[in-house]
Amino acid sequence: MEHCCYRCNTLLTGDEISLYRKMVSRAATEFLCLDCMSADLNTPRIELEKLIAFYHRTGICTLFAKWENNEYAEFLSRCTP
């Protein structure tokens, strides 16, 4: 099932849905994309992306699959300007 941001109608990723459920409501059925969520939370998008990476890397939240080292390195390479 595909989900879209309820504000801007952008197609959402699983990570965006997971972060929304982690930060807003586990029972949510409508979600915001990272850009709309960052605007609502007055937080830069990169900080939300870092939070997603943290949950993937540590495996402390079951909403995010644990990353292996190579997946984390790949993420870091995408974030570096």
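In what follows, every heavy atom counts, from backbone to side chain, and hydrogens, waters and symmetry copies are set aside.
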Q: So which heavy atom on Phe64 is nearest to which on Leu19, and how close?
A: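 Answer, listing the atom of Phe64 first, then Leu19: CZ-N, 3.5 Å.
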Q: Minimum heavy-atom separation for Leu32 to Met37, with atom names?
A: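 That would be O-CE, 3.6 Å.
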Q: Specify the closest pair of heavy atoms between Cys61 and Arg26, including all atoms of both residues, with the distance to one decimal.
A: SG-NH2, 3.9 Å
Q: Distance-only, no hydrogens or angles: does the Thr43 side chain make a donor-acceptor pair with backbone N or O of Leu41 under 3.5 Å?
A: yes
Q: What's the shortest heavy-atom distance between Leu12 and Cys5, and which atoms?
A: CG-N, 3.6 Å
Q: Test side chain to side chain contact (heavy atoms under 4.5 Å, CB included) on Leu63 and Tyr55; report intermediate values, then the result.
A: CA-CA 8 Å; Leu63 294 170; Tyr55 287 123; over 6 Å; no
Q: Please lay out, stage by stage, how Ile52 and Leu34 fare under the test side chain to side chain contact (heavy atoms under 4.5 Å, CB included).
A: CA-CA 11 Å; Ile52 289 169; Leu34 285 182; 4.1 Å; yes
Q: Just how far is it from atom CG of Asn9 to atom SG of Cys4, taken to the nearest 0.5 Å?
A: 4.5 Å
Q: Side chains of Glu49 and Asp15: does their closest heavy-atom pair fall under 4.5 Å?
A: no
Q: Is a side-chain N or O of Ser25 found less than 3.5 angstrom from the main chain of Arg21, in a donor-acceptor match?
A: no
Q: For residues Cys8 and Cys36, report the shortest heavy-atom separation together with the two atoms involved.
A: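 Looking at all heavy atoms of both residues, the shortest contact is SG-SG, 3.9 Å.
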Q: Should Ile17 and Leu11 be counted in the same cluster of Ile, Leu, Val, Met, Phe, Trp and Tyr side chains packed under 4.5 Å apart?
A: no
Q: Tell me whether Glu16 contacts the main-chain N or O of Thr13 through its side chain, where contact means a donor paired with an acceptor under 3.5 Å.
A: yes
Q: What is the ring orientation for His3 with Phe31, classed by angle as parallel under 30°, tilted 30 to 60°, or perpendicular over 60°?
A: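 Perpendicular, since the angle between the ring planes exceeds 60°.
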